[in-house]
Amino acid sequence: MAWSRTDVHSTHTGEALDDHLNRLNDAQQQSVTAPDGPVLVVAGAGSGKTRVLTTRVAWLLSEGHAMPGEILAFTFTNRAAREMKQRIAEAAGPGREPFWIGTFHATGLKILRTEGEAIGIKPGFSIFDTDDSKRLLKEVTSSLGLDSKQFNPSATRGAISRFKNDDQTPEAVLQAAAGYVDKKYAELYAGYEEALRRNNALDFDDLILRTVHLLEQNDEIRERYARRFRHVLVDEFQDTNPLQMVLVKLLSSWHGNLFAVGDDDQSIYSWRGARIENMVDFEQFFPGAAVFRLEQNYRSCGNILNAANQVIANNKRRKGKNLWTNDPAGDLLCEEEFVDEQDEAARVVDIVRQETAAGMSRGDVTVLYRTNAQSRALEDALRRGRLPYQIVGSLQFYERKEVRDLLAYLKLVANPADTVALQRVINTPRRQIGDTTVGRLLDLAARYELTPGEAAAETGVLEEELAPAAQRRVRAFFDLVTRWRSRASEGMPVPELLQAIVDDTKFESHLEQEDPTTAASRGENVAELVNAAAAFHEATDGGNLAQYLEQVALVSDPDTITDGQGTVRLMTIHTAKGLEFPVVILTGCEDDILPHINSAEDEAGLEEERRLFYVALTRAQKRVYLLHAGRRRRFGTWQEALPSRFLREVPDECIERRTLTTPQETSLWGHRPTGRGAGHRPRNRTAPPAVRPDQWGNRTAPAKTAANGPAESVDWQTDVDQSRSYYQGQVVTHSIFGSGVVARVEGAGDDMLVTVDFTESGRKHINPRFAPLVPLD
DNA sequence: CAGCCACTTGTTTTT
DNA sequence: CAAGTGGCTG
Ligand SMILES: Nc1ncnc2c1ncn2[C@@H]1O[C@H](COP(=O)(O)OP(=O)(O)OP(=O)(O)O)[C@@H](O)[C@H]1O
C-alpha cells in the first residue's frame with residue numbers, strides 16, 4: 001500500500017511539473033520561469049498568483065536552481081503554507097518540499113529559537129498572545145499609577161504594536177512624544193518591554209521585530225541565513241508591513257532573488273501596519289525588478305467578476321488593471337433587503353437549503369461578514385434551522401475560558417517566569433489564594449529576582465510577607481507545578497500531561513461548581529483540548545510542550561477550517577482572503593457596517609472598505625448573495641441602517657435587486673414584531689425616514705434645537721433632559737474620562753448611544769442612560 | 001477570601 | 001446584551 005503510493009509520485013516527478021506548467025497560461029508561465037533577480041507579479045483576484053508562486057518553487061527545484069533547504073517562502077497563514085507544501089510535493093515529488101515555508105511570525109520564531117541568544121533572548125521563552133499582552137499591560141498600567149480605564153490595555157497594546165512595526169524603541173517614542181498621552185504611552189511601552197523581559201516572553205510583533213534586530217546586529221548570522229536562502233518568495237505582498245519588508249530584504253540580501261506576488265486591490269490590513277507602497281514602489285525598493293501582470297481570472301463567472309471590477313474602479317488610489325474571464329456570465333448576483341438581522345439570518349438558512357436542493361453541498365456555501373459580532377444572529381438561525389455550521393475564527397475554541405485556563409497551566413509548566421499564566425491559574429480552581437497573597441508573592445519574587453516558584457521553594461522568603469496558612473497554600477500549589485514540570489522534562493507526552501493537570505486540579509468538579517448548567521459543554525471543550533493535544537502528539541511524532549504551545553499560539557483563523565462538505569462556514573471577510581467558495585453570502589451590506597462606521601471618515605479608510613467588499617465578491621465562483629437589514633442591534637440597542645453605498649456601485653445588468661417596497665412585505669420572511677420600549681414606526685422601505693437619528697444629532701448643532709428631533713421617545717417628559725441634549729461637537733465631561741468632544745450621536749431615547757473623543761482617554765461609547773455625561777455649556 | 005450585586009462599557013478587521 | 005469591574009458582606 002505504502003509502496004504503490006510512493007511509486008506513483010516518484011516516477012512521475014518530472015512529468016508532474018511539466019503537467020503543471022502546461023496548464024498555465026503564457027503570462028503565468030513567464031512569471032514562473034522568470035530569470036534570477038527581483039520579480040513582482042501584480043495581478044487581480046483569482047488570476048492564479050498563489051498557483052504561480054507554488055509552481056515557481058516546484059520549477060526552481062526541478063530545474064536544479066535550488067535545493068529544498070535553499071528556498072524560503074512567506075505565506076499569509078499557516079493554512080496557505082500547508083497547502084503550498086502539499087502542492088509542491090505533488091509537482092516536485094515527495095520529500096522535496098522546502099522546510100522554510102511559513103508565515104512571517106512562524107519563520108521569525110524559528111530563527112529566534114535557534115539564534116535568539118545572540119541578542120540576549122533566553123531559551124525557553126514564551127509567546128504572549130493578545131490576551132496575555134493585555135493582562136501584562138494592565139499590570140504595568142497600574143504599577144505606573146495610571147488608571148487602566150483611561151489607558152485601556154487594548155488601546156495601549158495597539159499603540160505599542162504600531163510603535164514596534166515602525167521599529168521605534170520606547171526611548172525614541174519618548175523623544176518624539178508631544179503631549180501627556182504620548183509621554184505616558186512611551187512610559188507604558190518601556191514598562192511593558194521590561195515586563196516581557198522579566199516574564200521571558202515575546203509578543204507577536206517581537207517575533208518579527210527581534211528577528212530583524214538579530215539580523216541587523218549580527219553580521220555572521222545574517223550572512224549565514226542570507227547565503228542559505230537562494231530564493232525568497234512572498235505571497236500576499238500587498239499586506240506586508242515595513243518591518244516585514246526589512247526582514248525580506250535582509251534575508252534575500254545575498255542572492256537578491258526575491259519573488260513577490262500580490263494585488264494592490266486586496267490590501268486590507270493597513271490598520272495593522274501593512275503598506276501598499278511595498279508593492280506599488282517595488283521597483284524603487286528593488287531596482288531592475290521584472291514585473292509581470294496576470295489578467296485572466298479563473299475563479300469567478302462573468303457577472304461576479306464584472307461586478308467586482310466595476311466596484312473597485314471607484315477607488316482613486318490604484319493602478320488599475322484589466323481582469324477578464326473566459327467563463328460564461330453565469331447567474332446574476334442577488335441583492336436582498338430585510339427588516340432586521342433576524343430576518344436576514346433566516347434568509348441565510350433558506351439560501352443554504354435552496355442551494356443544497358440545487359445540487360450544492362452545505363460546505364460549498366460560505367457566509368461572510370464585516371464584524372465578528374454579526375455572527376451571533378446567524379448562528380442562532382442556523383442552530384434553529386438545524387444546519388451544521390462552523391464559525392471560523394475568533395471566539396472559537398482557543399478563546400474559551402476553560403481552554404485558556406488549562407493552556408495557562410501548560411504555559412506555567414513550560415516557563416516558570418510566566419507570571420501572567422501564574423495569575424490566571426493560581427486560584428483557578430479556588431485554592432484560597434487571593435489577590436493580596438498573589439500580590440505579595442509577586443513582590444517578593446521581584447525583590448529577590450526569583451521566579452515565584454523559586455521564591456516559594458526558598459526557605460524564609462515567603463515567611464517575610466505571608467501568613468502561615470497562605471504560605472502553605474502557595475507551596476502546595478507550586479508542589480503541583482513542580483511535579484508536572486518534572487514529568488514534562490522526563491518526556492511525558494503533552495496530552496498525558498494535560499490530562500494529569502485536569503485530574504490533579506479536579507478541573508471537572510471545578511467546572512461543575514462554577515456553573516452546573518454549562519459544566520457539561522465546558523467539560524466537552526476540555527476533552528476536545530486533550531484530543532487536540534493528542535492529535536498534535538501524533539502529527540509531530542511526539543512534539544514537546546514548547547512546540548505544542550508555539551503551535552497553539554500561532555494558529556491563524558483559516559487554519560481551523562474543518563474539512564468536509566457537511567458544514568456551512570461563517571467567517572469575516574478578512575479571514576476569507578485568499579480562499580475561494582462556490583457560493584458566497586455576504587451579510588450586513590449596510591452603510592456603517594461595510595463600509596464600517598469607524599473607517600468611512602477619510603478617503604483612505606473608505607477605499608480600504610471598498611477593497612474588503614471587492615475581496616468578498618471575488619471569493620465566489622458561482623453565486624453571490626448580498627444581504628442587508630434595515631435595523632440591527634448594537635450594544636443591545638436598535639440601530640437603523642441604510643443599504644451599503646457599495647451596492648449602488650454594482651452595475652444593474654449583473655444584479656437582481658429584491659428590496660422591500662411596502663410595509664406589508666416586512667412580514668415576507670416571517671418577521672415578528674419586536675416591540676421593545678418605544679416602538680419603531682412602520683417604515684416605508686423605498687423612502688427611509690428623511691432624517692436619521694444620527695443625523696439630526698449632526699444637524700442641530702445649536703443645543704436648543706435638539707428638541708426638534710422626531711418625537712419618538714414615549715416618555716420624553718422624563719427623558720428629555722439627559723437624552724435629547726447631545727450633539728456633534730459638543731463639549732461634555734464624564735466622571736472618569738474627563739472632558740471630551742461628542743463625535744457622534746446614534747439612536748434616540750433608551751437606544752441612544754453617544755460616541756465621545758475624550759482628550760485624555762480617547763474614543764469611548766457612552767450610553768447616557770447610565771453614564772454621567774455632563775454638557776459643558 | 002469568596003460570593004453576590006450593581007454599574008458601565010464595548011464591536012471593526014488579526015498574526 | 002454580555003462581560004468585566006468594583007464594592008460590600010459574611
Ligand atoms: N492557468 C489556469 N488554468 C486553470 N485554472 C487556474 C489557472 N490558474 C489558476 N487557476 C485557478 O484559479 C483559482 C484562483 O487561483 P489562485 O488562488 O492561485 O489565485 P490568486 O490570484 O492567488 O487569487 P487571490 O488573489 O484571490 O487570492 C484557483 O482555483 C486556481 O486553481
Side-chain angles (χ1 to χ4, degrees), chain A residues 74-79 102-109 127-130 133-134 138 147-149 152-155 157-158 161 165 203-208 236 239-241 244 268-274 368-377 393-395 399 401 427 430-438 467 469-470 473 513-514 553-559 571-577 588 592-600 605 608-609 611-612 615 632-639 676 734-737 753-756 761 763-773:
Chain A
F74 290 106
T75 59
F76 205 70
T77 64
N78 298 302
R79 180 196 168 88
T103 63
F104 278 97
H105 292 91
T107 302
L109 174 63
I127 300 160
F128 272 14
D129 62 25
T130 308
S133 293
K134 280 197 275 196
K138 212 179 142 206
D147 183 354
S148 64
K149 275 195 158 171
N152 113 318
S154 297
R157 200 201 66 86
S161 180
N165 281 312
D203 67 15
F204 280 135
D205 298 316
D206 284 336
L207 296 180
I208 296 163
E236 307 279 12
D239 274 324
T240 53
N241 69 31
Q244 291 167 335
I268 54 177
Y269 281 96
S270 73
W271 51 275
R272 196 169 87 173
L368 300 181
Y369 37 78
R370 175 65 176 83
T371 68
N372 287 303
Q374 288 169 250
S375 71
R376 176 164 247 116
S394 98
L395 249 176
E399 291 175 37
K401 182 175 182 299
N427 202 28
R430 300 259 179 255
R431 294 188 181 88
Q432 273 96 31
I433 303 175
D435 292 345
T436 333
T437 306
V438 176
R473 295 175 189 135
Q513 187 249 318
E514 221 178 31
L554 293 182
V555 279
S556 46
D557 285 342
D559 306 347
M571 64 189 89
T572 65
I573 304 173
H574 282 91
T575 301
K577 187 173 83 151
D592 294 353
I593 291 196
L594 184 59
H596 195 274
I597 190 163
N598 293 351
S599 299
E608 182 148 319
E609 296 292 307
R611 290 194 292 271
L612 269 170
V615 168
R632 199 173 280 280
R633 287 197 96 111
R634 191 173 161 228
F635 300 145
T637 67
W638 286 104
Q639 304 288 321
R676 192 200 88 120
H734 180 281
S735 59
I736 291 170
F737 302 131
L753 206 60
V754 186
T755 307
V756 186
S761 320
R763 179 165 285 202
K764 304 275 174 199
H765 299 289
I766 309 285
N767 187 334
R769 198 147 50 108
F770 309 116
L773 259 193

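Proteins get letters first, then strands, A, B, ... in listed order; numbering begins at 1 in each. Quick note: numbers below take in every heavy atom, side chains included, and nothing from hydrogens, waters or symmetry partners.
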Practice prompt. Measure from CG on A:N152 to P on B:dT9 and round the result to the nearest Å.
Written response: 12 Å
Worksheet item: Looking only at side-chain N and O atoms, does A:T77 come under 4.0 Å of OP1 or OP2 in B:dT15?
Response: no
Practice prompt. Kindly say whether, by distance alone, the side chain of A:R370 makes a donor-acceptor pair under 3.5 Å with the base of B:dT13?
Written response: yes
Response to the item:
Atom CG of A:N165 and atom P of B:dT14 are separated, to the nearest Å, by 16 Å
Fill in: Atom of A:S154, atom of A:K134 and distance for their closest heavy-atom approach
OG-CD, 3.2 Å
Worksheet entry | A:E609 vs A:L594 side-chain heavy atoms within contact, under 4.5 Å | yes
Worksheet item: Short question: side chain of A:D239, backbone of A:I268 - any donor-acceptor pair under 3.5 Å?
Response: yes
Worksheet entry | Heavy-atom side-chain proximity of A:Q639 to A:D592 below 4.5 angstrom | no
Worksheet item: Within the structure shown, what part of the strands sits under 4.0 Å from A:N427 by heavy-atom distance: base, sugar-phosphate, or nothing?
Response: sugar-phosphate
Worksheet item: Taking the side chain of A:H105 as its heavy atoms from C-beta onward, which of B:dT15, B:dA2, B:dT14 lies nearest to it?
Response: B:dT15
Worksheet item: Counting only side-chain N and O atoms of A:T572, is one of them less than 4.0 Å from OP1 or OP2 of B:dT12?
Response: no
Discussion item. Measuring only between side-chain heavy atoms, which start at C-beta, is A:L612 closer than 4.5 Å to A:H574?
Written reply: yes
Worksheet entry | Any A:I593 side-chain heavy atom under 4.5 Å of A:R632 side chain | yes
Discussion item. So, does A:N372 get its side chain near the phosphate of B:dT14, meaning an N or O under 4.0 Å from OP1 or OP2?
Written reply: yes
Worksheet item: Of the nucleotides C:dT5, C:dA2, B:dT14, which one has an atom closest to the side chain of A:K138?
Response: C:dT5
Practice prompt. Send over the distance from A:W638 CH2 to C:dC1 P, rounded to a whole Å.
Written response: 11 Å
Worksheet entry | Earlier contact from the 5' end, DNA chain B, for A:V555 and A:Q432 | A:Q432
Worksheet item: For A:H596 and B:dT12, do the ring centres fall under 5.5 Å apart while the planes stay under 30° apart?
Response: yes
Item to complete: State whether A:T575 places a side-chain N or O below 4.0 Å from either non-bridging phosphate oxygen (OP1 or OP2) of B:dT14.
Response: yes
Worksheet item: If each of A:E608 and A:A470 is mapped to the nucleotide of DNA chain B with the nearest heavy atom, which maps nearer the 5' terminus, i.e. the 5' end?
Response: A:A470
Worksheet item: Under the side chain to side chain contact (heavy atoms under 4.5 Å, CB included) criterion, do A:M571 and A:L368 qualify, and how do the steps go?
Response: CA-CA 5 Å; A:M571 64 189 89; A:L368 300 181; 3.6 Å; yes
Worksheet entry | Any A:R430 side-chain nitrogen or oxygen under 4.0 Å from OP1 or OP2 of B:dG3 | yes
Worksheet, complete the sentence: Checking C:dA2, B:dT15, B:dT12 against the side chain of A:T103 (C-beta onward), the nearest is B:dT15
Practice prompt. Check every strand shown and say whether A:I433 touches a base, only sugar-phosphate, or nothing at a heavy-atom separation below 4.0 Å.
Written response: sugar-phosphate
Item to complete: Would you indicate whether the side-chain heavy atoms of A:I208 and A:Q244 approach each other to under 4.5 Å?
Response: yes
Item to complete: Could you check how far CD of A:E399 sits from P of C:dA3, rounded to whole Å?
Response: 13 Å
Fill in: Touch class at under 4.0 angstrom, heavy-atom based, for A:K577 against every strand present
nothing
Discussion item. Counting only side-chain nitrogens and oxygens, does A:N241 get under 4.0 Å of the OP1 or OP2 atom of B:dT15?
Written reply: no
Discussion item. Taking atom types as they are modelled, would you say the side chain of A:T130 forms a donor-acceptor pair with the base of B:dT14 within the 3.5 Å cutoff?
Written reply: no
Worksheet item: Relative to the ring of A:Y269, is the ring of A:F76 parallel (under 30°), tilted (30 to 60°) or perpendicular (over 60°)?
Response: tilted
Worksheet item: Whole-Å distance between B:dT14 P and A:F204 CZ?
Response: 13 Å
Worksheet entry | Per A:H574 side chain, nearest of listed nucleotides B:dA2, C:dA2, B:dT14 | B:dT14
Worksheet item: Can you check whether A:T436 has a side-chain N or O nearer than 4.0 Å to OP1 or OP2 of B:dC1?
Response: yes
Worksheet item: Taking OP1 and OP2 of C:dA3, is either one under 4.0 Å from a side-chain nitrogen or oxygen of A:K401?
Response: no
Discussion item. According to a cutoff of under 5.5 Å between the ring centres and under 30° between the ring planes, does A:Y269 stack with the base of B:dT14?
Written reply: no
Practice prompt. To the nearest Å, give me how far apart CG (A:D203) and P (B:dT15) are.
Written response: 15 Å
Worksheet item: When Watson-Crick pairs (N1 to N3 and N6-O4 or O6-N4) and G-U wobble pairs (N1-O2 and O6-N3) count only below 3.5 Å on both distances, what is the dot-bracket string of DNA chain B, with | for other-strand pairs?
Response: ||||||||||.....
Worksheet item: Within this structure, what is the CD1-to-P distance between A:I268 and B:dT14, rounded to whole angstrom?
Response: 9 Å
Worksheet item: Considering only B:dT15, B:dT11, B:dT12, which nucleotide approaches the side chain of A:N598 most closely?
Response: B:dT12
Fill in: Residue pair A:L554 / A:F204, side-chain heavy-atom distance below 4.5 Å
yes
Discussion item. Rounded to whole Å, please give me the gap between CZ in A:R376 and C1' in C:dA3.
Written reply: 11 Å
Worksheet item: NA contact type, A:Q513, heavy-atom cut-off 4.0 Å: base, sugar-phosphate, or nothing?
Response: sugar-phosphate
Practice prompt. Check every strand shown and say whether A:S599 touches a base, only sugar-phosphate, or nothing at a heavy-atom separation below 4.0 Å.
Written response: base
